[in-house]
Amino acid sequence: MVVDDTIERHTIAVLVDNEAGVLARVIGLFSGRGYNIESLTVAETDADEGISRITIVTSGTPMIIEQIKAQLDRLVPVHRVVDLTTEGASVERELALVKVAGKGNKRVEALRIADIFRARAIDSTNESFVFEISGATEKLNAFVDLMEPLGLVDVSRTGVVAIARGKSEL
Amino acid sequence: MAGKSMNGSEIIIQALLNEGVDTVFGYPGGAVLPIYDAIFQQNQLRHVLVRQEGGAVHMAEGYARSTGKVGVVLVTSGPGATNAVTGLTDALMDSIPIVCLTGQVPTHLIGNDAFQEADTTGITRPCTKHNYLVKRMEDLPRVMHEAFYVARSGRPGPVVIDLPKDILMGLGQYEDFSQVEHRTYQPTMKAGKSEIEKAVSMIASAKKPLFYCGGGVINSGPKASKQLGRLVKLTGAPITLTLMGLGAYPATDKQFLGMLGMHGTYEANLAMHDADLIVAVGARFDDRITGRLDAFAPNSEKIHIDIDPSSINKNVAVDLPIVGDVGSVLDQMLRVWKDKEFKTNARAMKAWWSQINDWRSMDCLKYDQSGSVIKPQFAIERLYENTKDMDCYITTEVGQHQMWAAQFYKFNEPNRWMTSGGLGTMGYGLPSAIGVQVAHPESLVVDISGEASFLMNMQEMSTAIQYRAPVKVFITNNQYMGMVRQWQELLHGGRYAESYTDALPDLVKLAEACQWVGLRAKRPDEVDDVIQEMIEIDRPVIADIWVDQTENCFPMIPSGAAHNEMLLGPEDEASKPVSEEGMVLV
């Protein structure tokens, strides 16, 4: 077998029982086996069934990615593991809150750029804004980069959430 | 019993009984006293009191591996649980089904650094297949039964249930959940038809096929070994086994090439290297097996049958993965092979066997027992010759003696060989032997041991006396941590840092002090007599066999080398120095 060594970025959705310690199992698996986590989000998505959805963005060779999915699937509280990168088309979004402090022209410029990026000001003082922006990771990166010279103070990001396109359930 | 109000400890006992448990290995302490009280008040469940919790897990492992049942451990909170960690990790690496009940401080004290509190589920999360902390009375019956299901299903492994003391004493209802289907954990048992047909036709058309089989065959049950034997016979192909797989195919059969890997036979390793088709069955391409990965079996296609999808394509990319229970998949393969009247290529097979027989003629396990010092290989070979027709179980510790036991003791049946393969836990053999003996009171149970490993868990000698477990500890005594010494000789210029055990106890006197019998052999002609006497004595025995201190274990694939770069004996050591990259590896 020819082994492919290229590093790929994959977004993986994991449906788990929402029970104590389940996130520690997932994170411990990544740290214990030396896999990368680029982003991780988790929240309960079905309160009646007690199911949480974890979205992990990770990177590795095709063999490592396959191994990550097999290892996740082996955890007892895991219902399903779906690689959104390979299994059909999907959309990804991330949300960030970005705090910018400044006066005068810089303040005007920050608002102007926020407008271009469709970011909303959700808090404002005489010397600061908090913007809410959502979109692809790259768009958020670009926005944050542009805010840097305009008085960037703080960034809080959710990490990537993703969902498959089309009508079917995960 | 359903509907009757019981306390948590009684619920636990009832669940254990309904799971068919007859023996628990454990050690009491504050947090688990209510369970001990419940054990005291019944007489269906037997408790074996160990001398340290680490011993309890190894005993349960020996019990589990020799019976195919789940081994059960009961320890207290804090140090009781942390002492069990090595055994749990051992069971995880070797896929042994264990349910370990640990006491915990009462729920309202969890997180307060209470006396004998430890974050047991946190500590054991990476060293168990799964673990539970029971915080609600109503969860207890379900968790008890689910733990057994998880431990024995799919790829078996250890499961911890952490039990706060208020749960053990609180009142609740018992319900038998042993037949309830698990909502997420459902391992694949059978393979698809097309995969099976493809596998069978790949075997039939191979010119140099080789079966490479491991502990998964044994975990699948004795029937899997029988089916494996049938398939290997039908194909006429050679077979090699991993350390964990010994006994899955009769070692005395001529199609068996011996164990493969770092200390495997010349013929098994060269066959792996030259094969054009490797059929991996319940084995995981471990680093002790593959040697240098980029030179591993370079010209072969690979079929990999395993119940654990994460074992497939982990270290070695395979051409045909088959996820399923080994026994079921072998059944399916046999049926297709017979129905479609497959045949292997007779001419190619003949050439393949003639090549293998050439390798065999190297006689790679030969040793020279001409002097007056006992060679360890000779001692183990004599042990085999003297016990081979008996109902005998063998356990080992870890090190040179373990490899010699694997090379020289020929197992013809599964479940007769208990060794710490994946984790390599020194001190495994004695407690494991006691666990085997408790399960098989009439059989001969021998721990093939080294003196250094033996010292690691020798407190369990006392357990053997208490439960009249007449285990035999056969110590190849060279006063060194032999494998450490061997690596220091090969890799570190013969600087034997801390590998010599000064001030060893007199093992015969030690045996006597512990109410065992101590025997000793110092010369080759004494070995048979000591073995015979050891077998005949109906008590635990230490046989202290003084062996050559400088003997090294060969053949050996040094770290970082390929299968065809084996060291066959001392004369090879100088000519094939270990590479820099190899030295970094373990």
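Just so we're clear, the structure is a prediction, and the values are computed from it rather than from any experiment. Chain naming here is simple, since letters A, B, ... match the order of the sequence lines and numbering starts at 1 in each.
Contact detail for A/Ala70 and B/Ser310: the closest heavy-atom pair is CB-CA, 3.5 Å. Of all the heavy atoms in B/Ala317 and A/Met63, the pair that sits closest is N-CE, 3.7 Å.
For residues 145-170 of chain A, a heavy-atom distance under 4.5 Å to chain B picks out no residue at all. Interface residues of residues 12-46 of chain A toward chain B, defined by a heavy-atom distance below 4.5 Å and sorted by number: A/Asp17, A/Glu19, A/Gly21, A/Ala24, A/Arg25. Of all residues in residues 180-191 of chain B, those placing a non-hydrogen atom less than 4.5 angstrom from a non-hydrogen atom of chain A are B/His182, B/Arg183, B/Thr184, B/Tyr185.
For A/Lys139, the NZ atom is densely surrounded, since the number of other residues' heavy atoms within 6.0 Å is greater than 12. The local environment of CG in B/Asp113 is sparse, with at most 12 non-hydrogen atoms from other residues, nucleotides or ligands closer than 6.0 Å.
The closest donor-acceptor contact from the side chain of A/Glu66 to the backbone of B/Asn313 lies at 3.5 Å or more, if one exists at all.
Residues meeting the salt bridge (Lys or Arg N to Asp or Glu O under 4.0 Å) test with A/Arg74, sequence neighbours left out: B/Asp308.
At least one side-chain heavy atom of A/Pro77 sits less than 4.5 Å from a side-chain heavy atom of B/His130.
In this structure, no portion of B/Leu133 lies under 4.5 Å from any heavy atom of chain A. Contacts between B/Asn315 and chain A at a heavy-atom distance below 4.5 Å involve the backbone alone (N, CA, C, O).
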